[in-house]
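Report on the structure given below.
Per chain, numbering begins at 1; letters A, B, ... match sequence-line order.
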Number of protein chains: 2
Amino acid sequence: MSAEPTTDPIALPDPPTDLSQVPVDLSQMSADQLLRLDSQICFSLHAASRAFGGVYRVVLKGLGLTYPQYLVMLVLWEHGELPVKQIGEHLRLDSGTLSPLLKRLEAGGLVRRERSSEDERSVTVHLTDAGADLRAQALRVPHRIVAATGLPLAEISTLQTLLRRVTAALDAAELDTACPDTTDQDAATP
Amino acid sequence: MSAEPTTDPIALPDPPTDLSQVPVDLSQMSADQLLRLDSQICFSLHAASRAFGGVYRVVLKGLGLTYPQYLVMLVLWEHGELPVKQIGEHLRLDSGTLSPLLKRLEAGGLVRRERSSEDERSVTVHLTDAGADLRAQALRVPHRIVAATGLPLAEISTLQTLLRRVTAALDAAELDTACPDTTDQDAATP
DNA sequence: CACATTTCAGTTGTGCGCAATTTAGTTGTG
DNA sequence: CACAACTAAATTGCGCACAACTGAAATGTG
């Protein structure tokens, strides 16, 4: 190959294939199109998620919270004390993620964990005074985030609707893991 | 405190505030509205990203790849051999993420890393035969993912356009980190 | 009542993402 | 030529996400 790394033009984040120009029937697409398309779907979501994370990281640094810790605090501010299990249901996170995260929040003095007396298996997470007080500072966060997205609220609404729809569909699809191909897949070099 | 954890109704993923019913002027919104809005924005993207990851994990298990490893392979299949730096520019990942990831791909026999003779600092990543061959199997992936999203291509296109727009805006916004409030922010109990 | 099953938190291990630092090689300037 | 400034990759450290497992407590069934 005649690749000249040092002279190469700048590598753009991704190729600009216009999806609206692409055949609606997936089985009509070429192998190249398929892999490019895929690259765009998964990558754009991946990149968007990380870009959001980056902005939140900057904004939340003032509160001493990470992005997932902020999500947990949002749930607690809205619902008050909750067992770990229910925090996990709100955020779709399991104890493997929440246990150490809550331990850090407790070490930071924002929450307190107590074994439930009714069910000794369950641990209820309470806000401390400091944790409750932090909400006042958190009120400034959303405005800065919305501003950073550069989108009007109407488009944020559209984005959110689509994201929820995709998430619901993906969560449902995860159940039939061993899904075989419903169509004849002979695109791969016959 | 009348909470009865064992009898509580199922905790839904998130409250259903309708954004289109909310004042367009951010400064008109109540503190509660703002925090709920933020909770929705950040959570829906976070959740969507993880839901995608879950589906990819299942589909990619057959190829022996993780989700980020698949992204790297997509770049290599499309562009051929590339220096680490340029892979990182395509995916917005730094060497801290890519170095160990590429080491694993190399251990798996999919890529080969070679110091560039022109610039001894640079490492060029090549596909091995096995790595190139894996592309044939990867051709089946996109169809299964698109099917799992449950969305028609037109909506995927809309979603992608919005995600790209948000990402671009967020990346740009990250530059002015110390952004002071442009509006009078007196919502937080002065 | 005894015993299998289920449920909840927690732990372990792997991999990713990012900040900060290190090491080696390149380039710019006097 | 010498030396500062820059660059690429790797490394270290921390936190998150998830699978797999452990241990304790509750529940179900014979």
Inset, instruction - Please tell me which of A:Thr66 and A:Ser117 maps to the more 5' nucleotide of DNA chain D, matching each residue to the nucleotide holding its nearest heavy atom. - result: A:Thr66
Inset, instruction - Tell which nucleotide pairs with C:dG30, taking only Watson-Crick or G-U wobble pairs whose two distances are both under 3.5 angstrom. - result: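 Partner of C:dG30: D:dC1.
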Could you check how far [atom1] of [X] sits from [atom2] of [N], rounded to whole Å?
X: A:Glu120; N: C:dA9; atom1: CD; atom2: P; answer: 12 Å
X: A:Lys61; N: D:dG15; atom1: NZ; atom2: C1'; answer: 15 Å
X: B:Leu65; N: C:dG15; atom1: CG; atom2: P; answer: 13 Å
X: B:His46; N: D:dG15; atom1: NE2; atom2: P; answer: 16 Å
X: A:Leu45; N: C:dG17; atom1: CG; atom2: P; answer: 13 Å
X: A:Arg50; N: C:dA19; atom1: CZ; atom2: P; answer: 11 Å
X: B:Phe52; N: D:dA17; atom1: CZ; atom2: P; answer: 18 Å
X: A:Leu60; N: D:dG15; atom1: CG; atom2: P; answer: 15 Å

Inset, instruction - Kindly assign one of parallel, tilted or perpendicular to the pair B:Tyr67 and B:Tyr56, based on the angle between their ring planes and the thresholds 30° and 60°. - result: tilted
Inset, instruction - Please state whether the rings of B:Trp77 and B:Tyr70 are parallel, tilted or perpendicular, taking 30° and 60° as the class boundaries. - result: perpendicular
Inset, instruction - Answer yes or no: is there a side-chain heavy-atom contact under 4.5 Å between A:Val141 and A:Leu63? - result: yes
Legend entry - Pairwise side-chain contact, B:Pro152 with B:Glu155, heavy-atom cut-off 4.5 Å (strictly under):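 When only atoms from C-beta onward are counted, B:Glu155 and B:Pro152 do touch, with a gap below 4.5 Å.
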Inset, instruction - For A:Thr161 and A:Arg165, run side chain to side chain contact (heavy atoms under 4.5 Å, CB included): C-alpha distance rounded to whole Å, both residues' side-chain angles, the deciding distance at 0.1 Å, then the answer. - result: CA-CA 6 Å; A:Thr161 301; A:Arg165 200 130 34 106; 4.2 Å; yes
Inset, instruction - State which residues pass side chain to side chain donor-acceptor pair (under 3.5 Å) with A:Glu106; sequence neighbours excluded, sorted by chain then number. - result: A:Arg113
Write down the protein N/O and nucleotide N/O pairs, taken from nucleotides 8-12 of chain D, whose separation is under 3.5 Å; answer none if there are no such pairs.
unit_1: D:dA8; atom_1: OP1; unit_2: B:Lys85; atom_2: NZ; d: 3.2
unit_1: D:dA8; atom_1: OP2; unit_2: B:Lys85; atom_2: NZ; d: 3.4
unit_1: D:dA9; atom_1: OP1; unit_2: B:Val84; atom_2: N; d: 3.4
unit_1: D:dA9; atom_1: OP1; unit_2: B:Ser122; atom_2: OG; d: 3.4
unit_1: D:dA9; atom_1: OP1; unit_2: B:Val123; atom_2: N; d: 3.1
unit_1: D:dA9; atom_1: OP1; unit_2: B:Val123; atom_2: O; d: 3.4
unit_1: D:dA9; atom_1: OP2; unit_2: B:Lys85; atom_2: N; d: 2.8
unit_1: D:dA10; atom_1: OP1; unit_2: B:Arg113; atom_2: NH1; d: 3.0
unit_1: D:dA10; atom_1: OP2; unit_2: B:Ser99; atom_2: OG; d: 2.8
unit_1: D:dA10; atom_1: N7; unit_2: B:Ser95; atom_2: OG; d: 2.7
unit_1: D:dT11; atom_1: OP2; unit_2: B:Lys103; atom_2: NZ; d: 3.0

